[in-house]
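In what follows, every chain begins at residue 1, and chains take the letters A, B, ... in the order their sequences are listed. FYI, side chains are in, hydrogens and waters are out, and symmetry mates aren't considered; it's all heavy atoms of this structure.
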Protein chains: 2
Amino acid sequence: MSVTRVTIKDVARSAGVSIATVSNVLNGTGRVSADTVRTVRRAIQELKYSPSQAARNLKDKKSRLIAVIVPLLHKGFLHDNPFYWQLVGGIEEGARAHRLHIMLVGADSEESYSFVKERHLDGLIVIGAFEGSEALERIVQWGVPSVFVDSYLADPNVYQILSDDEKGGYLGTKHLIDLGHRNIALLTGEIEPNGVHEARFLGYRRALKEAGIGYRPAWAVEEPPTMEGGARSVPRILALQGVSAVFATSDVAAMGLLSGLSERGLSVPRDLSVAGFDDLPYSRFATPPLTTVAQDIGLKGREAVRLLQAHMDNKEPPYRRKLIPVELKARQSTRFLEEGEGEPVDANEIRKGGDG
Amino acid sequence: MSVTRVTIKDVARSAGVSIATVSNVLNGTGRVSADTVRTVRRAIQELKYSPSQAARNLKDKKSRLIAVIVPLLHKGFLHDNPFYWQLVGGIEEGARAHRLHIMLVGADSEESYSFVKERHLDGLIVIGAFEGSEALERIVQWGVPSVFVDSYLADPNVYQILSDDEKGGYLGTKHLIDLGHRNIALLTGEIEPNGVHEARFLGYRRALKEAGIGYRPAWAVEEPPTMEGGARSVPRILALQGVSAVFATSDVAAMGLLSGLSERGLSVPRDLSVAGFDDLPYSRFATPPLTTVAQDIGLKGREAVRLLQAHMDNKEPPYRRKLIPVELKARQSTRFLEEGEGEPVDANEIRKGGDG
DNA sequence: GTCCATTGATTAAACGTTTCATCAAGCAAC
DNA sequence: GTTGCTTGATGAAACGTTTAATCAATGGAC
């Protein structure tokens with residue numbers, strides 16, 4: 001047990017003033033003479049006083065604490081995807097700049113979210129929530145200031161930070177088309193309505209359409225956006241007649257795919273061009289370095305905090321939804337398709353075996 | 001602004017009892033009849049009452065909030081290493097099981113750690129602190145229950161969770177020796193006294209010594225444990241006459257090394273065997289799949305919370321320092337060295353160029 | 001029928017702040 | 001010399017709990 005807490009009373013006594021005055025010095029409120037300020041400051045220093053947030057919370061219902069809600073953290077899902085880590089890193093950085101602290105909570109379907117009220121949370125950053133989820137409804141209803149990252153929500157009263165996913169989907173696909181590919185598979189996470197994967201999917205379709213390439217539903221291969229998912233997709237992708245390129249809506253899936261292909265003795269980009277989405281720190285170190293649609297994940301996190309802070313201050317920010325720009329990073333996992341190369345690949349001929 | 005808070009008073013009034021009774025029902029304290037319990041419970045339900053943590057904190061100085069302090073989060077350091085993400089994931093999981101919430105804080109050298117007192121934190125989990133750091137001193141001095149992850153601290157009063165790093169270092173090196181390698185470089189993070197890299201380094205030396213191989217300081221190459229660090233180490237490692245294997249004290253560095261080697265047209269394990277440490281989710285998907293010393297990172301996080309909880313409960317746990325077991329996972333990045341193959345590699349002859 | 005222990009409930013203080021209403025003193029204006 | 005304004009400071013209530021002290025009622029034991 002540490003020694004009993006130094007309170008505002010101790011400071012007041014030591015400085016020979018009332019607690020109200022100390023409080024005023026602390027917060028820069030009210031009128032207090034320069035002399036008194038000095039005396040009080042000294043007393044604070046000497047006693048090593050620091051105010052109790054708990055007491056403050058109780059009084060003015062501001063906690064300077066926000067929660068970051070990450071999907072399925074405890075299911076191990078996240079542990080696989082550094083994307084979230086980067087995002088949370090950006091949020092932490094932003095929070096630090098705004099003198100906020102963050103509480104990290106794994107979203108749980110059974111979660112009551114009661115902690116939001118109980119802990120007097122000032123705001124919420126929710127990552128990857130799905131439209132219509134009950135928890136989400138409740139949050140919006142409570143009116144707790146919140147910012148949603150990576151969900152396209154219809155409600156115009158809800159603040160959202162996203163990457164320009166549709167454009168990213170378009171750019172990635174267009175890049176492959178420009179390289180001469182026409183048989184382009186899409187490796188995507190589950191296409192939930194209003195999710196990021198749907199937006200990227202739509203960009204993929206737009207690029208195809210613009211190039212006069214028909215869209216074939218079987219060519220959109222859905223797998224969880226994890227290494228495992230990417231690796232598991234290999235047979236489904238190789239089964240597509242004539243496939244010469246794959247656009248993956250996440251880098252982890254793309255890297256799982258890379259791994260699965262190499263295990264079968266296939267070489268990227270010789271046998272298949274592969275592009276991803278996210279530009280994770282790993283991606284440029286992949287073998288081969290991964291062509292990808294880059295988004296500034298850290299910025300995304302920082303912007304989320306900025307928007308939330310504006311919301312909490314009741315300053316009407318200039319937008320409800322902000323799209324972080326994306327950019328294509330062409331590296332070595334995609335290649336130009338020579339004239340006449342567009343022929344179907346025979347999956348049987350390919351199987352040379354790996355040393356897995 | 002949400003509507004005014006439902007307080008314990010409202011419940012008391014609605015149930016026709018005193019607030020003390022409601023409080024007793026809430027906490028299962030005191031004596032209260034079954035009938036009353038039922039009535040109060042109903043009132044709580046109806047009013048959707050949930051108690052204010054802030055008020056509770058103020059009263060009994062327990063917040064059920066712990067802080068997780070991660071090194072240099074905001075410097076971008078962490079964003080690179082999924083290790084921390086996994087660890088935090090494990091901690092979140094543990095915290096959830098113990099009904100604790102976690103506050104994520106990036107360690108900053110200028111950080112005053114005043115938030116620990118201000119927010120009435122129940123405990124601290126500190127990741128990768130260095131012996132003698134001022135902040136650390138203060139924390140220990142305050143007597144706030146804390147658990148240190150991944151630092152070997154001399155102070156016997158301090159609770160520590162670590163992997164069996166020395167053994168891991170030994171196992172990884174031994175594995176290479178068993179494969180016939182004798183010229184084994186060490187790629188390591190900065191060897192700070194009492195840090196994990198030092199422990200792994202010591203294991204490396206023990207294995208060498210046991211095999212009668214002399215230790216040459218130049219063969220311990222220090223680089224930051226990041227992809228960049230690993231990639232940057234390539235020239236230094238290739239400069240070592242006769243090197244046939246590298247043991248890296250972290251998987252990210254190993255993977256950066258893999259990448260740097262492939263960029264130079266060198267093949268693993270043909271030209272060089274590479275082993276890592278951590279068994280990150282990526283590692284088995286690397287090209288080639290990475291041989292590594294596996295530690296159960298999630299378990300590490302969960303154990304940290306368990307130990308902290310015991311500490312907070314003043315239950316004396318059976319140990320001050322717990323070592324999580326490690327295990328060698330042999331995969332395809334290391335190979336058997338044929339008889340007579342131990343000859344020096346000529347770095348000039350190697351340079352075949354990559355397609356970077 | 002008095003005394004005591006037990007059960008079930010209440011009253012009120014305390015936790016450490018912020019803030020509103022009040023107040024004393026000083027001073028300028030009339 | 002009353003009035004009124006400004007400056008600097010204070011007293012006390014309030015925030016929503018927990019808990020120690022107290023109390024009323026009940027029912028045995030003697």
Side-chain angles (χ1 to χ4, degrees), chain A residues 1-41 43-44 47-65 114-115 117-122, chain B residues 1-41 43-44 47-65 114-115 117-122:
Chain A
M1 285 296 109
S2 65
V3 75
T4 59
R5 177 176 259 282
V6 178
T7 88
I8 200 173
K9 267 186 204 150
D10 301 315
V11 176
R13 191 176 325 115
S14 156
V17 298
S18 74
I19 62 169
T21 299
V22 177
S23 176
N24 281 329
V25 170
L26 244 27
N27 303 298
T29 56
R31 322 236 103 257
V32 36
S33 77
D35 262 8
T36 315
V37 168
R38 226 170 296 123
T39 324
V40 170
R41 287 256 166 76
I44 289 177
L47 300 176
K48 293 187 201 308
Y49 164 78
S50 69
S52 153
Q53 264 295 338
R56 283 184 164 169
N57 293 180
L58 188 56
K59 195 62 179 90
D60 52 52
K61 285 107 163 40
K62 288 283 153 233
S63 59
R64 301 213 66 75
L65 223 206
S114 54
F115 60 84
K117 271 163 65 191
E118 288 174 6
R119 293 205 182 264
H120 299 265
L121 259 28
D122 284 356
Chain B
M1 286 293 110
S2 65
V3 75
T4 59
R5 179 176 257 284
V6 177
T7 89
I8 200 173
K9 267 185 203 149
D10 301 315
V11 176
R13 193 177 323 116
S14 156
V17 297
S18 74
I19 62 169
T21 300
V22 177
S23 176
N24 281 330
V25 169
L26 245 26
N27 303 300
T29 56
R31 321 238 105 257
V32 34
S33 77
D35 262 7
T36 315
V37 169
R38 227 169 296 124
T39 323
V40 171
R41 288 256 165 78
I44 289 177
L47 299 176
K48 294 186 199 311
Y49 164 77
S50 70
S52 154
Q53 265 293 339
R56 284 184 162 168
N57 292 181
L58 187 55
K59 196 63 181 87
D60 52 52
K61 286 108 160 39
K62 287 281 153 237
S63 59
R64 301 213 66 74
L65 223 204
S114 54
F115 60 86
K117 271 164 62 191
E118 289 174 5
R119 295 206 182 263
H120 300 264
L121 258 29
D122 284 357

| field | Nucleotide D/dT17, atom C1' - distance to CD of A/E118 in whole Å | value |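 Interatomic distance, CD of A/E118 to C1' of D/dT17: 13 Å.
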
| task | Using atom types as modelled and distance alone, determine if a side-chain donor or acceptor of A/N57 lies under 3.5 Å from a backbone N or O of B/A54. | result |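 Not at all, since once roles are kept as given, no pair shorter than 3.5 Å links the two residues.
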
| B/D122 side chain to B/S63 backbone, donor-acceptor under 3.5 Å |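 Answer holds: yes.
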
Under 3.5 Å, N/O pairs linking protein and nucleotides 24-26 of chain D:
none

For [X], side-chain hydrogen bond (donor to acceptor under 3.5 Å, both in side chains) partners two or more places apart:
X: A/R64; value: none
X: A/S50; value: none
X: B/T39; value: none
X: B/S23; value: B/N27

| message | Suppose we screen for salt bridge (Lys or Arg N to Asp or Glu O under 4.0 Å). Which residues come up paired with B/R31, at least two apart in sequence or across chains? | response |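 If we apply the salt bridge (Lys or Arg N to Asp or Glu O under 4.0 Å) test to B/R31, skipping adjacent residues, there are no hits.
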
| request: For B/R41, check salt bridge (Lys or Arg N to Asp or Glu O under 4.0 Å) against everything at least two apart and list the hits. | output: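 B/R41: no salt bridge (Lys or Arg N to Asp or Glu O under 4.0 Å) contacts found.
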
Enumerate, atom names and distances included, each donor-acceptor pair closer than 3.5 Å involving a side-chain atom of residues 6-17 of chain A, sequence neighbours excluded.
from	atom 1	to	atom 2	distance (Å)
A/T7	OG1	A/K9	N	2.9
A/D10	OD2	A/T7	N	2.7

| query | Which nucleotides of nucleotides 7-19 of chain C have their base under 4.0 Å from a protein heavy atom (B), which only their sugar-phosphate (S), and which neither (-), written as one string 5' to 3'? | reply | -BSBB--BBBBBB

| Angle, rounded to 10°, between the helical axes spanning five pairs at each terminus of the helix from C/dG1-D/dC30 to C/dC30-D/dG1? |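 Its terminal axes enclose an angle near 60°.
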
| Partner set under side chain to side chain contact (heavy atoms under 4.5 Å, CB included) for A/A55, not counting sequence neighbours |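 A/S52, B/L58.
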
